[in-house]
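Down below is the structure, laid out as structure tokens.
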Amino acid sequence: MIQFKNVSKVYNNNLFALSNINLNIHKGEFVFLVGPSGAGKTTFVKTLLKEIEPTTGNVIVNNVDITKLKRSQIPLYRRRLGVVFQDFRLIPTLNVYENVAFAMRVIEAPLKEIRKKVPIVLSLVGLANKYKSFPHELSGGEQQRISLARAIVNNPSVLIADEPTGNLDPDTSMDIMETINDINHAGTTVLMATHASDIVNAMRKRVIAIEKGIIVRDEQGGTYGDED
């Protein structure tokens, strides 16, 4: 599903953001990517999103070596991923339904399919009754649920979540994680970069820990922080 083969990223100041990373993430896995600020998590995610090119090595997603993709092929590749960010990135002038539908319009899905699929996904994230609301009328947790709905509406094989609970209170964070867990149980591979040790320690998924660009730990049912 996802392979990093001897991947390094060196910035202009000779700083290794990633150093000879080798790993495999299998279809259907739920993986936490953890580490302190500056450890390399953001570079890892941006490399996977094809926003950053590795200095050396290969990144393979769904049997495609994305390091060899042409610039014109990148948008199509990204459409096959679901991405959730800490800051939601909703379109403020669109209501809930329109924000989610927008992701389907981008790939030119038929209107009939949009009308069928959007309500289903809104129900999945528990916001079917808020479909006419605008982002500013929603709580932070509700906005993140809409972001999740938008990320999964096109049935991505991989969901990449970059600090998705960073702006949320603990109870809301766990609600969001339950939803992401449900998405994973439905077959979507999940990779989540996070600092939230309480979430990692509660869920006991696979944990890949990075420090100074190097994988220092990779274990199933892992922990992070005080329980290390």
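Counting only N and O atoms by type, the side chains of Asn6 and Asn22 include a donor and acceptor under 3.5 Å apart.
Phe32 contributes atom CZ, which lies 6.5 Å from atom CD1 of Ile199 (distance to the nearest 0.5 angstrom).
Cluster annotation: Val83 is not connected to Phe102 through the hydrophobic network of ILVMFWY side chains, with a link wherever side-chain heavy atoms come within less than 4.5 Å. Tracing side-chain contacts under 4.5 Å through hydrophobic residues (I, L, V, M, F, W, Y), one never reaches Ile152 starting from Ile160; they form parts of separate clusters.
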Identify every side-chain donor-acceptor pair in residues 163-172 under 3.5 Å, counting partners at least two apart or on other chains, and give the distances.
unit_1, atom_1, unit_2, atom_2, d
Glu163, OE1, His195, N, 3.3
Glu163, OE2, His195, N, 3.1
Glu163, OE2, His195, ND1, 2.6
Asn167, OD1, Gln86, NE2, 3.1
Asn167, ND2, Gln86, O, 3.1
Asp169, OD1, Asp171, N, 3.1
Asp169, OD1, Thr172, N, 2.9
Asp169, OD1, Thr172, OG1, 3.1
Asp169, OD2, Thr172, OG1, 2.8

Under 3.5 Å, side-chain donor or acceptor atoms of residues 124-133 against the rest of the protein: list the pairs with distances, not counting sequence neighbours.
unit_1, atom_1, unit_2, atom_2, d
Lys130, NZ, Glu142, OE2, 2.6

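Checked against side-chain contact (heavy atoms from CB on, under 4.5 Å), Ala109 has the following partners two or more places apart in sequence or in another chain: Met104, Ile107, Glu113, Ile114. Here Asn155 pairs with Lys117 under the side-chain contact (heavy atoms from CB on, under 4.5 Å) rule; sequence neighbours left out. Applying the side-chain contact (heavy atoms from CB on, under 4.5 Å) rule to Val64 yields the partners Leu69; only residues at least two apart in sequence or on another chain are considered.
Counting only residues at least two apart or on different chains, the ring pair (Phe, Tyr, Trp, His ring centres under 6.0 Å) pairs with a member in residues 43-76 are Phe4-Phe44.
No donor-acceptor pair closer than 3.5 Å links the side chain of Arg79 to the backbone N or O of Asn154. Judged by distance alone, the side chain of Thr188 and the main-chain N or O of Leu159 form no donor-acceptor pair under 3.5 Å.
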Walk me through it: do Thr43 and Tyr11 pass the test side-chain hydrogen bond (donor to acceptor under 3.5 Å, both in side chains)? CA-CA 10 Å; Thr43 299; Tyr11 290 110; 3.0 Å; yes
